Each structure stands twice: as structure tokens, then as C-alpha cells.
Amino acid sequence: MLIHVGEERNGTIDSYLAAALSTIAGALNAVGFLVAQSFTANMTGNLSAFADEVARGSWRTSLGYLLLLALFIGGAALAAAFISFGEQRGIRSIYALAIAAEGGIVLALGLVLSSSESISHMVLVGSLSLVMGLQNAVTTLISSSRVRTTHVSGMATDIGIGLAALLSPGGSKDAALPKLRLHVLTLSAFACGGIGGAMLYDHVGTWLFALAGGCLLAIALPEVFRARQLPRSD
């Protein structure tokens with residue numbers, strides 16, 4: 001799931017990746033909103049909110065939304081640089097290591113939140129925006145843009161395009177159907193993760209972040225060990 005890259009992958013591997021990571025992303029996005037009233041994966045909404053606050057003259061609030069956008073981009077840039085570094089050295093586990101790093105950050109965030117409520121909301125949503133950018137970059141790069149775990153607007157657009165291809169008399173149904181299934185799965189997993197995360201938050205509170213971090217590590221670390229048993233790619 002986190003070893004094979006690009007054309008080495010198949011629909012089943014992409015589906016597992018999309019289902020697992022989109023579910024966690026949806027949960028983190030929803031609970032981030034419950035805690036701090038700000039979405040951490042919704043960059044379209046954050047950019048729109050930034051423009052709205054600028055128009056209102058609320059410069060301080062607008063800079064907060066701009067910071068979330070910058071952190072999301074920064075997370076994606078860090079992931080891309082990290083992966084480029086690993087690929088140049090033939091490190092097969094580099095994608096799994098990137099997701100393990102995400103898991104470590106989210107786990108640490110959950111432990112801090114659970115031991116102290118003094119952490120500011122901006123630190124929380126900023127950290128989550130960073131890891132959402134990181135995760136989306138990892139899944140985009142490893143799948144040649146087939147899987148984008150936090151890009152809901154793009155997936156909804158792709159679903160619409162796929163439906164048109166299926167319904168069109170001259171559409172290429174064989175090519176459109178696998179893509180449509182993957183996008184519907186990704187979107188559904190994100191939504192289910194959001195619902196499940198919000199419900200679970202009512203029972204475990206901020207420990208949910210530690211649980212999400214643990215799940216990410218449970219996904220990534222076995223892949224790290226598997227990759228190290230394979231020959232280095234040149």
C-alpha cells in the first residue's frame with residue numbers, strides 16, 4: 001500500500017490506501033472543527049474565509065486563515081522534499097516513513113492535548129493543516145494523482161466527470177468505471193471518518209487524536225519493515 005509507486009500499483013492497492021487514509025483524514029478534519037471551529041483539510045473554505053475577512057476589515061482573523069493555507073502547503077512541500085530525497089537514494093520505505101512521521105505528529109498532539117488543555121486552538125488546527133498537507137502530498141505522489149485523500153472538491157468534480165462518461169453514449173465506460181469507484185470510495189471514507197470521528201470524540205475526547213496517530217503508525221510501520229526487506233530501487 002505504501003511501497004509500490006505509480007504504475008506499479010493496481011486498483012486494489014489504491015482502494016486500500018484511499019479507504020484507510022481518507023477515513024483518518026475525515027475524522028481529524030471533523031474533530032478539529034469540533035475543538036477549534038476550523039476545518040483543517042478544507043483549503044477552499046479557508047481561502048474563501050480569508051477573502052471574506054479581508055473584505056470585512058478583520059485583518060487579524062484573515063491572517064489566521066492564511067496561516068492555515070500556508071501550513072497545508074508547507075506540509076505538502078515537506079513531504080515532497082522528503083520523498084524526493086528518499087527516491088534519489090533508492091529508499092523503498094520513504095512513503096511509509098512519511099506517513100509514520102504524520103502518525104508521530106498526530107500521536108504527540110493527542111498526548112499533549114490529553115495531558116493539558118492549555119494548547120491554543122491555532123496550534124491545534126495549524127498542526128492538523130500541516131499533516132493534512134503532508135498526507136495529501138504523499139498519497140498524490142505515490143499514486144500518480146489517482147488518490148488524493150483530503151481533496152474533496154476535486155474528487156466530487158471527478159465523480160461528476162465519471163458519471164457523465166458512464167451515461168454518455170460515446171463515453172469510455174471501461175476506463176471511467178474504475179476511477180469512479182475509487183473517487184466514490186475516497187469521498188465516502190472521508191465522510192464516514194468525519195461521522196465516526198465526531199461520534200467517538202463524544203466518548204474519548206481529545207484522546208481521539210492519539211488514537212488516530214496510533215492508527216497511522218499501525219498502517220505505516222509494517223510497510224516500513226516490509227520495504228526494508230526488498231531490494232533498493234535505483
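Both backbone and side-chain heavy atoms feed into the values below; hydrogens, waters and symmetry mates do not. Since this is a predicted model, take the numbers as computed values, not measurements.
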Given the rule that I, L, V, M, F, W and Y join up when any side-chain heavy atoms are under 4.5 Å apart, are [X] and [Y] in one cluster?
| X | Y | answer |
| --- | --- | --- |
| Leu167 | Leu177 | no |
| Leu187 | Leu163 | yes |
| Phe190 | Leu185 | no |
| Leu78 | Tyr95 | no |
| Leu180 | Ile13 | no |

What pairs of residues pass the side-chain hydrogen bond (donor to acceptor under 3.5 Å, both in side chains) test when at least one of them lies in residues 97-112, not counting sequence neighbours?
Glu102-Gln135
With rounding to the nearest 0.5 angstrom, report the [atom1] to [atom2] distance, [X] to [Y].
| X | Y | atom1 | atom2 | value |
| --- | --- | --- | --- | --- |
| Ile159 | Ser188 | CD1 | OG | 7.0 Å |
| Ser58 | Glu53 | OG | CD | 4.5 Å |
| Asp14 | His4 | CG | NE2 | 11.5 Å |
| Tyr201 | Leu208 | OH | CG | 9.0 Å |
| Leu211 | Ile24 | CG | CD1 | 9.0 Å |
| Leu128 | Phe209 | CG | CZ | 5.5 Å |

Please tell me if the side chains of [X] and [Y] come closer than 4.5 Å, counting only heavy atoms from C-beta onward.
| X | Y | value |
| --- | --- | --- |
| Val35 | Leu113 | no |
| Leu130 | Phe72 | no |
| Leu69 | Phe50 | no |
| Ile219 | Leu2 | yes |
| Ile142 | Arg9 | yes |

Might you point out which heavy atoms bring [X] and [Y] nearest each other, and give the distance in Å?
| X | Y | result |
| --- | --- | --- |
| Ala96 | Glu223 | CB-CB, 3.7 Å |
| Met155 | Thr186 | SD-CG2, 2.8 Å |
| Leu109 | Ser127 | CD2-CB, 4.1 Å |
| Ala210 | Leu107 | O-CD1, 3.5 Å |
| Ala189 | Ala18 | CB-O, 4.2 Å |
| Ala79 | Val138 | CB-CG2, 4.0 Å |

Check whether any side-chain N or O of [X] sits under 3.5 Å from a backbone N or O of [Y] as a donor-acceptor pair, and report yes or no.
| X | Y | answer |
| --- | --- | --- |
| Ser115 | Val112 | yes |
| Ser129 | Val125 | yes |
| Glu8 | Val5 | yes |
| Arg146 | Gly6 | yes |

For atom CD of Gln37, decide whether the heavy atoms of other residues, nucleotides or ligands shown that lie under 6.0 angstrom number more than 12.
yes
Can you list everything that forms a side-chain contact (heavy atoms from CB on, under 4.5 Å) with Tyr16? Sequence neighbours excluded, please.
Met1, Thr12
Among Thr149, Thr150, Val147, which residue meets the side-chain contact (heavy atoms from CB on, under 4.5 Å) test with Ser22?
Thr149
Arg148 and its side-chain hydrogen bond (donor to acceptor under 3.5 Å, both in side chains) partner, picked from Asn136, Thr139, Asp158, Thr140
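Output: one option passes, namely Asp158.
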Partners meeting salt bridge (charged side-chain N to carboxylate O under 4.0 Å, His left out) with Arg56 (sequence neighbours left out)
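So Arg56 forms a salt bridge (charged side-chain N to carboxylate O under 4.0 Å, His left out) with Asp52.
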